[in-house]
Amino acid sequence: MATSAEANKPEPATGYPVTYAYAAPPPQPQVAPTNRSPFRLASFWSRLLCRLFLVVIVIISIMAVASFATWLILKPEFPEFRVDSASIAQLNTTSANSTMTATWQLSLRVRNPNRKLALVYNTLEAAVLYGEWELDSTLLPPFSQEKGNETRLHFQAGLLSEYVGESVARGIEKERARGEVEFGIGVYGWVRYKARWWSMRWRFMNVYCNGVKIGVSNDGGTAGDLVGQVRPCRVEM
């Protein structure tokens, strides 16, 4: 049985508010403040990208200035082309069906005018032209030229009863009747300047040799050789 003292003991409070055993609530753990807000991170990456961009611009500018200075020091010049000899054989044109038969033997003189640079030629193609019409073409072997060097290129081209168009067939027949036919020679390919410590990128080259006149007999002759003085060829790169 409960004693009188236990009966008189007060019951613990169960309602609101709760009474703590301490004078104040227990301390809460403190979280260190952070400065890495989304805006600060975006600003960091923006500054980093700007600096990288500036570094790239500086490097490109330095390379461009160095390349320009090298160009001024070395002073690259275009190669010089000139027709050395030209002949034709088995010449025959038929205006009725616009066909042509012919064989050309051609020789070009190529000179490197540079005093400090060598020239390297690759993937060259030579063509025989009549006006803007390409009659035939052939590949030339790659070669190189030291400074001041001169090289002769010999090649052959030909047609055998091939269609060339009515205007070409009639034009050749008219010139043939006057005793000479004017052709052109084109050379296309890649060329690069080269020094001991510097090499330029490959550049595409176009060479046009106009006014290549070949004399033929006006009484039906089928062969002839180069006549007159041929101007230097035009070189474009």
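We use all heavy atoms of the structure for the numbers below, so side chains are in, but hydrogens, waters and symmetry mates are not. Positions are given from 1 along the sequence.
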Next item on the list: For residues E77 and N112, determine if any side-chain heavy atom of one lies less than 4.5 Å from a side-chain heavy atom of the other.
Entry: no
Note to self: What I'd like to find out is whether the side chain of F183 reaches to under 4.5 Å of the side chain of I88, using heavy atoms alone.
What the structure shows: yes
Notebook entry, point to check: Among the clusters formed by ILVMFWY side chains lying less than 4.5 Å apart, do W190 and F143 turn up in the same one?
Noted result: no
Next item on the list: Measure the spacing between CH2 of W104 and CD1 of I214 and express it to the nearest 0.5 Å.
Entry: 8.0 Å
Notebook entry, point to check: Is the closest side-chain heavy-atom distance between K147 and R115 below 4.5 Å?
Noted result: no
Next item on the list: Verify the cluster assignment for F78 and V110: are they in a single hydrophobic cluster under the rule of side-chain heavy atoms below 4.5 Å apart?
Entry: yes
Item checked: L160 and T101, any side-chain heavy atoms less than 4.5 Å apart -> yes
Next item on the list: Indicate the atoms forming the closest heavy-atom contact of T93 with R176, along with that distance.
Entry: N-NH1, 3.9 Å
Notebook entry, point to check: Under 3.5 Å, is there a donor-acceptor pair between the side chain of Q145 and the main chain of P79?
Noted result: no
Check: For the residue pair V120 and W202, what are the closest heavy atoms and their distance?
Finding: O-CZ3, 3.5 Å
Next item on the list: State, to 0.1 Å, how close N114 and L117 come at their nearest heavy-atom pair, and which atoms those are.
Entry: CB-O, 3.6 Å
Notebook entry, point to check: If you group Ile, Leu, Val, Met, Phe, Trp and Tyr by side-chain heavy-atom gaps below 4.5 Å, do L124 and M200 land in one group?
Noted result: yes
Check: To the nearest 0.5 Å, how far apart are CG in N92 and OG in S161?
Finding: 7.5 Å
Notebook entry, point to check: Can any side-chain N or O of E175 pair as donor or acceptor with the backbone N or O of E182 at less than 3.5 Å?
Noted result: yes
Next item on the list: Return yes when atom CD of E134 has more than 12 non-hydrogen atoms of other residues, nucleotides or ligands closer than 6.0 Å, and no otherwise.
Entry: yes
Note to self: Please say yes or no: joined through hydrophobic side-chain contacts below 4.5 Å, possibly via intermediate residues, are Y208 and F204 part of one cluster?
What the structure shows: yes
Which pairs of donor and acceptor atoms, one on a side chain in residues 221-237, lie under 3.5 Å apart (sequence neighbours left out)?
{"unit_1": "R234", "atom_1": "NE", "unit_2": "E236", "atom_2": "OE2", "d": "3.1"}

Notebook entry, point to check: Does L108 reach the side chain of V207, with side-chain heavy atoms less than 4.5 Å apart?
Noted result: no
Check: What are the two closest heavy atoms between G158 and D136, and how far apart are they?
Finding: N-OD2, 2.8 Å
Next item on the list: Mind listing the closest non-hydrogen atom pair of P142 and N122 along with its distance?
Entry: CB-OD1, 3.7 Å
Checklist line | Side chain to side chain, Y193 and L119, heavy atoms closer than 4.5 Å | finding: yes
Margin query: Just verifying a value: how many Å separate S107 OG and I185 CD1, rounded to the nearest 0.5 Å?
Written below: 9.0 Å
Check: Do other residues, nucleotides or ligands put more than 12 heavy atoms under 6.0 Å from E125 CD?
Finding: yes
Next item on the list: Would you kindly say whether N149 and T151 are connected by a side-chain donor-acceptor distance under 3.5 Å?
Entry: yes
Checklist line | Heavy-atom check, side chain of L153 versus side chain of Y121, under 4.5 Å | finding: no
Margin query: Is there a continuous path of hydrophobic side-chain contacts, each under 4.5 Å between heavy atoms, that joins L139 to L106?
Written below: no
Item checked: Heavy-atom pair with the smallest gap, counting every atom of V128 and A157 -> CG2-CB, 3.7 Å
Next item on the list: Answer yes or no: is there a donor N or O on one side and an acceptor on the other, between the side chain of D84 and the main chain of H154, under 3.5 Å?
Entry: no
Note to self: Please report the interatomic distance CE(M100) to CH2(W133), rounded to the nearest 0.5 Å.
What the structure shows: 12.0 Å
Notebook entry, point to check: Distance-only, no hydrogens or angles: does the S98 side chain make a donor-acceptor pair with backbone N or O of Y163 under 3.5 Å?
Noted result: no
